[in-house]
Protein chains: 4
Amino acid sequence: MTDAGHNSVAADQLRTIVERIERLEDDKKAVVEDIKQLYMEAKGNGFDNKAIRKIVALRAMDEGKRKEAQAMLDLYAHALGLDLL
Amino acid sequence: MTDAGHNSVAADQLRTIVERIERLEDDKKAVVEDIKQLYMEAKGNGFDNKAIRKIVALRAMDEGKRKEAQAMLDLYAHALGLDLL
Amino acid sequence: MTDAGHNSVAADQLRTIVERIERLEDDKKAVVEDIKQLYMEAKGNGFDNKAIRKIVALRAMDEGKRKEAQAMLDLYAHALGLDLL
Amino acid sequence: MTDAGHNSVAADQLRTIVERIERLEDDKKAVVEDIKQLYMEAKGNGFDNKAIRKIVALRAMDEGKRKEAQAMLDLYAHALGLDLL
DNA sequence: ACACAAAGTTCGCGTC
DNA sequence: GACGCGAACTTTGTGT
């Protein structure tokens with residue numbers, strides 16, 4: 001088998017990989033677009049998107065970690081006399 | 001209608017929005033995961049992921065590449081155009 | 001007066017502006033580097049940089065806006081039955 | 001030594017760190033403001049700020065540009081090298 | 001209000 | 001295997 005033949009295998013493999021990635025990236029792009037649309041819709045209904053984003057992030061976050069991070073923040077805030085609420 | 005009733009409308013709307021976002025985020029996450037898997041598979045086949053990423057980026061750019069090149073020319077035309085006009 | 005002479009004024013002006021910007025960008029870069037060093041030092045002393053960043057951000061934020069944003073978040077969280085604390 | 005005393009050490013350390021960061025952030029803010037002023041001045045003199053921004057970016061890149069170009073060549077050498085080796 | 005640009009955050013990589 | 005470095009993505013702010 002020639003080098004060309006041998007290499008064409010890798011080249012084909014590479015091409016396949018790249019194309020599969022590109023398709024998935026297209027999918028991702030579509031989903032991101034849908035999400036954007038949803039936020040626009042929410043805004044149209046008078047919601048505060050920034051708050052919604054935070055809510056989504058908080059719900060996604062592991063509860064344990066969230067409370068731990070909050071505790072650390074509270075600790076530091078207290079040490080500096082910063083009134084968080 | 002009570003305030004509770006009144007609020008529950010917005011609350012339901014909010015909940016619906018948040019849940020729809022979360023579903024889309026799940027979709028997105030799944031796609032991102034698939035992409036990651038692909039890269040891992042590529043790596044397992046001896047490919048250089050960094051190079052693949054650049055290839056993908058370049059191909060994605062190539063659609064807008066002419067526009068970019070054109071913009072670059074315009075840029076210089078403008079920037080140096082100050083000397084010319 | 002030739003075009004060249006006339007244009008050289010604008011060109012010189014442009015050059016001056018660009019160079020002044022570049023100097024300021026260098027300054028900025030240096031400051032950013034210093035900040036990074038500070039965070040590294042803090043980490044070396046056992047502090048949680050993420051929490052410190054939040055503290056700095058909170059202190060920088062206008063108190064009114066901060067509480068307003070927090071109130072909105074609380075409102076939404078409550079509507080969804082999300083326990084923040 | 002009381003806990004309060006013990007903690008006050010860390011609290012003081014934390015306060016010092018935060019305040020040093022805040023000072024540096026102020027410096028940064030001032031520099032950013034100066035840059036903004038410069039752009040406004042440039043605009044007042046009839047220059048195209050968008051073009052200037054690109055010029056500055058390009059000049060900043062130009063130091064690393066050869067490296068980037070080299071990286072691009074290496075990239076293709078690698079990616080296509082699969083066909084060659 | 002939209003798009004562009006800047007900042008911060010996170011993730012993968014190379015290094016030690 | 002942990003740490004710092006650099007790139008990619010997300011989010012925030014600003015100028016039009």
Side-chain angles (χ1 to χ4, degrees), chain A residues 21 24-25 28-29 31-33 35-37 39-40 43-44 46 48-58 60-62 65 69, chain B residues 21 24-25 28-29 31-33 35-40 42-44 47-58 60-61 64 68 71 75, chain C residues 21 24-25 28-29 31-33 35-37 39-44 48-58 60-62 65-66 69, chain D residues 21 24-25 28-29 31-44 47-57 60-61 64 67-68 71-72 75 78:
Chain A
I21 290 170
L24 288 171
E25 298 258 335
K28 182 177 156 191
K29 203 168 176 176
V31 175
V32 167
E33 191 55 32
I35 293 172
K36 251 166 128 175
Q37 289 298 118
Y39 275 109
M40 283 178 57
K43 182 188 231 173
D48 176 349
N49 279 352
K50 198 166 170 179
I52 292 185
R53 284 180 192 278
K54 274 219 166 96
I55 291 287
V56 171
L58 287 171
M61 208 184 297
D62 176 70
K65 290 209 155 199
Chain B
I21 290 170
L24 288 171
E25 297 259 336
K28 183 178 157 192
K29 203 168 178 176
V31 175
V32 167
E33 191 55 33
I35 292 173
K36 251 162 122 177
Q37 287 299 117
L38 255 177
Y39 276 110
M40 282 179 57
K43 182 186 225 173
F47 289 101
D48 176 352
N49 278 353
K50 198 165 174 179
I52 292 183
R53 284 181 191 278
K54 286 214 170 175
I55 292 285
V56 171
L58 286 171
M61 258 200 300
E68 187 187 0
L75 163 69
Chain C
I21 291 171
L24 288 171
E25 297 261 336
K28 184 177 155 191
K29 203 169 179 178
V31 175
V32 168
E33 190 55 32
I35 293 172
K36 248 165 128 177
Q37 288 299 118
Y39 275 109
M40 282 179 57
E41 181 185 326
K43 180 189 232 175
D48 177 348
N49 278 352
K50 198 165 174 180
I52 291 183
R53 284 181 192 278
K54 274 220 167 94
I55 291 287
V56 170
L58 288 171
M61 207 184 299
D62 176 71
K65 289 211 154 195
R66 186 175 91 220
Chain D
I21 290 170
L24 288 172
E25 298 259 335
K28 183 178 154 191
K29 203 168 178 178
V31 174
V32 168
E33 191 55 32
D34 286 348
I35 293 173
K36 254 161 116 178
Q37 288 297 118
L38 255 178
Y39 275 109
M40 283 178 57
E41 181 186 326
K43 180 187 228 173
F47 290 100
D48 177 352
N49 279 352
K50 197 166 176 179
I52 292 183
R53 282 180 192 279
K54 286 214 171 176
I55 292 288
V56 171
M61 258 199 298
K67 285 168 73 177
E68 188 186 359
M72 188 73 91
L75 162 69
H78 266 101

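Scope of the values below: all heavy atoms of this structure, side chains included, with no hydrogens, waters or symmetry mates. In what follows, chains are A, B, ... by sequence order, proteins preceding strands, each numbered from 1. Predicted, not measured: the structure shown is a model, and the values here were computed from it.
Residues B/Tyr39 and B/Val56 are in side-chain contact: their nearest non-hydrogen atoms beyond the backbone lie under 4.5 Å apart. Contact annotation: the side chain of C/Asp48 never approaches that of C/Lys43 to less than 4.5 Å [non-hydrogen atoms, C-beta and beyond].
Among the nucleotides F/dT12, F/dT16, E/dC13, the one closest to any side-chain atom of D/Lys43 is F/dT16. When distances are taken from the side chain of A/Arg53 to each of E/dC13, F/dT11, E/dA5, the shortest belongs to F/dT11.
Note on B/Lys54: nothing from the nucleic acid sits closer than 4.0 angstrom, heavy atoms only. Contacts of C/Lys50 with the nucleic acid, taken as non-hydrogen atoms under 4.0 Å apart, involve only primed sugar atoms and P, OP1 or OP2. Within the nucleic acid shown, C/Lys36 has no heavy atom closer than 4.0 Å to any nucleic acid atom.
Nucleotide E/dG12 holds its P atom 12 Å from the OH atom of B/Tyr39, rounded to whole Å. If you take CD of B/Glu33 and P of E/dT10, they are 18 Å apart, rounded to a whole angstrom. Atom CD1 of B/Ile35 and atom P of E/dC11 are 15 Å apart (whole Å). When rounded to the nearest whole Å, the span between CG of B/Leu58 and C1' of F/dA7 equals 15 Å. What separates CG of A/Asn49 from C1' of F/dT10 is a distance of 15 Å, to the nearest Å. With rounding to whole Å, C/Met61 atom CE is found 13 Å from F/dG13 atom C1'. Following rounding to the nearest Å, B/Asp48 (CG) and E/dG14 (C1') show an atom-to-atom distance of 12 Å. At whole-Å resolution of the value, CG in A/Leu24 and P in F/dA8 are 18 Å apart.
To the nearest 0.5 angstrom, C/Lys28 atom NZ is 5.5 Å from D/Ile35 atom CD1. Atoms CZ and CD1, from D/Arg53 and C/Ile21 in turn, are 7.5 Å apart once rounded to the nearest 0.5 Å.
Using a 4.0 Å cut-off, no side-chain N or O of C/Lys29 falls inside it from OP1 or OP2 of E/dA6.
Looking at residues two or more places apart in sequence or on another chain, you find a side-chain hydrogen bond (donor to acceptor under 3.5 Å, both in side chains) between C/Glu41 and D/Arg20.
Each of A/Met40 and D/Glu25 was matched to the nucleotide of DNA chain E holding its nearest heavy atom; the match closer to the 5' end belongs to A/Met40.
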